[in-house]
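Indexing begins at 1, ligand by ligand and atom by atom, following the structure's order. Counting from 1, the numbers follow the sequence of the chain as shown.
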Amino acid sequence: MPYRYPVSQPCLEGRELEYVTETVGGGWISSQGPRVREFERAFAEYNGVAHGVACSSGTAALTLALRALGVGPGDEVIVPEFTMIACAWAVTYTGATPVFVDCGDDLDIDVSRIEEKITPRTKVIMPVHIYGRRCAMPAIMDIAFNYNLRVVEDSAEAHGVRPVGDIACFSLFANKIITAGEGGICLTDDPRLAAQMAHLRGMAFSSEHNFLHKKLAYNFRMTAMQAAVALAQVERLDDILAARREIERRYDLGLKDIPGITLMPPRDVLWMYDVRAERRGELCAFLAAEGIETRVFFKPMSRQPGYYDPGWPSLKANRFSEDGLYLPTYTSLTAADQEYVTGRIRAFYDLPQ
Ligand SMILES: *Cc1c(COP(=O)(O)O)cnc(C)c1O
């Protein structure tokens, strides 16, 4: 059943169609040709970073970043418990092992618990800016400096948060702040890392002989049509972020005095508006019947079959995963839409409208 208020939908109100039409008309529809490079340059420039390497997904971006940094079998990567499975999988794809760190009260990795998980095998810390809340990057960069580790930021949910790690990885899936339908991009100031990621993305063809491949690589290329959509989205990113700040402010106001709802700390950019809720399962079912889609929080990595750890019930991440959810959050959501959503939540908790 399609929801009147889906949890997310893309906002394609700029020059997306114009650029796609132009791209198809021009004949360069693969990753070759100018579009992908235009998008890479535009997004890197927006972020004040020297190089962008566009690819097929956020998961691919994380994988390329780790491989470019030389992560492989025998290595360990520090990954948050409270995140999407792509973070752990990217590590596993390289042959390395993810080592999980619990979250703090803002859902981001608890920086005070990172050092106890560092071993001689640790190569990389992967902070994730959950739901658009920037991690404590200065403290993370200090730890990385002290232990000689590299930092791969997962910025899949945080377009608009300035990268500071060695590589920042973004997703362009349709539910993210900006989208290409599917896609991803890595940003870095290091030209060697950028070249390495581009090489691994495109099957590692070599200069000596086109069909000599010295490394196990990938086809993680982005098409020109995806880049055309992404470029039009970058042009509007400031407007999109401003619209989302308003959405955050309106939800804060509409929900702040509902006893069953606990608000979460403010976000640096709004990806999804998250709350904790009493009787979460009943609330989600009630809202679904009213045409409002919601999504529950991540399940901690240590609860996943592939990474099971019997200690998961003691995690803070686990407590959040039991009562957290997010509400419809998309750029075109209006004040009236939000009033309806918050009104139905009030009704569920038997409060006056
Ligand atoms: C969406 C997301 C990803 C994966 O991105 P895809 O483009 O779907 O591969 C990775 N990490 C986080 C935190 C995400 O939200």
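Less than 6.0 angstrom separates the ring centroid of F170 from the ring centroid of F43.
The nearest heavy-atom contact from the protein to atom 3 (C) of ligand 1 is M84 SD, 3.5 Å.
In the vicinity of A156, heavy-atom distances shorter than 4.0 Å reach the ligand 1 atoms 2 (C), 3 (C), 10 (C), 11 (N), 12 (C), 14 (C), 15 (O). Atom numbering of ligand 1 starts at 1 in the shown order; those under 4.0 Å from a heavy atom of S171 are 5 (O), 6 (P), 7 (O). Those atoms of ligand 1 that come under 4.0 Å of a heavy atom in A86, given as number and element, are 4 (C), 10 (C).
Both the backbone and the side chain of S57 come within contact range of ligand 1, each with a heavy atom under 4.0 Å. Contacts of V128 with ligand 1, taken as heavy-atom pairs under 4.0 Å, involve the side chain alone.
For the residue pair Y19 and E235, a side-chain donor N or O sits within less than 3.5 Å of a side-chain acceptor on the partner. In summary, the side chains of E18 and T21 do not present any donor paired with an acceptor at a separation below 3.5 Å, with no hydrogens or angles considered. Inspection of the T331 and R244 side chains reveals an N or O donor paired with an N or O acceptor under 3.5 Å.
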Between R267 and H129, does the side chain to side chain contact (heavy atoms under 4.5 Å, CB included) criterion hold? Intermediate values first, please. CA-CA 10 Å; R267 302 130 193 99; H129 306 301; over 6 Å; no
For this session: Carefully, step by step, assess T188 and M197 under the rule side chain to side chain contact (heavy atoms under 4.5 Å, CB included).
Result: CA-CA 10 Å; T188 183; M197 291 190 288; 3.9 Å; yes
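Where the criterion is an N or O separation shorter than 3.5 Å, residue side chain and backbone included, T59 meets it with respect to ligand 1.
Put simply, part of K176 is less than 4.0 Å from ligand 1, judged by heavy atoms.
Between T63, L172, D154, it is D154 that holds the heavy atom closest to atom 10 (C) of ligand 1.
Judged by the 6.0 Å distance and 45° axis criteria, R4 is positioned over the aromatic ring of Y340.
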